[in-house]
Amino acid sequence: MNTENQIHDTSHISYESLLEGNKIFVERALKEDPEYFTKLANGQKPPVLWIGCADSRVPANQITNTKPGEIFVHRNIANVVVHTDMNMLSVLDYAVNVLKVKHVIITGHYGCGGVIASMTNKQFGIIDNWLRCIKDVYRLHAAELDAIADEKERADRLVEFNVIESVDNITKTSIVQNAWRNGQDLSIHGWVYSLETGLITDMNVSISNNDTLQEVFKLT
Ligand code: CO
């Protein structure tokens, strides 16, 4: 079977089918635990903040086998972390200072359309300004990236660099550095998800203090 050009069939999905699907979800959840929604309605205490790509194929809960209430989620195109993004800063602040999450996980994915687009010279519209951040990541690693002949391989490496950059950027926020200064247990991690296997690779760039930050980024 040629799977190369086949994509997941979404023709059965409609506005109405989502509402039907919701009923099935409620039924199943209540069958497992009649108190399920009552308990969730009482509050949340997720130990993890997930910052991932908006791509429909990378849903935080499903790919980590977790449930509602277990992961606080922020997603944008290509899991970019920039300090002028009030949306990201608000999510991070709430997650760190109110929910007291113990882990922030930046999850990129191979085959990321945003990352691939950032490697071209084409204009795509408003999004070009967002993707420019990834072009900066390319610039920082241009020597290694330019040396990779295979286009897919080069894009995959940029996906990894982009995740690592987002991890670095998160650690440079006053939110994360203040949490560390106050002795809060908080680790930042970088992961990459494979659309082809469904498996996550840990980039092994976990960081839980600002010791390794360049001096100029350390906030006192
Ligand atoms: Co993506």
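We count ligands from 1, going down the list as the structure has it; atoms in each ligand are counted the same way. Both backbone and side-chain heavy atoms feed into the values below; hydrogens, waters and symmetry mates do not.
- Within 6.0 Å of CG in Asn65 there are 12 or fewer heavy atoms belonging to other residues, nucleotides or ligands.
- Side-chain contact of His189 with Ser206: a donor-acceptor pair under 3.5 Å is present, judged by distance alone.
- When the ring pair (Phe, Tyr, Trp, His ring centres under 6.0 Å) test is applied to His83, no partner is found at least two apart in sequence or on another chain.
- Residues Asn178 and Arg181 bring a donor and an acceptor atom of their side chains to less than 3.5 Å of each other.
- A search for ring pair (Phe, Tyr, Trp, His ring centres under 6.0 Å) contacts involving Phe124 returns nothing, not counting sequence neighbours.
- For the Co ion (ligand 1), the count of nearby protein N, O or S atoms, meaning those under 2.8 Å away, is 3.
- Every residue two or more places apart in sequence or in another chain that forms a ring pair (Phe, Tyr, Trp, His ring centres under 6.0 Å) with Phe161 is listed here: His141.
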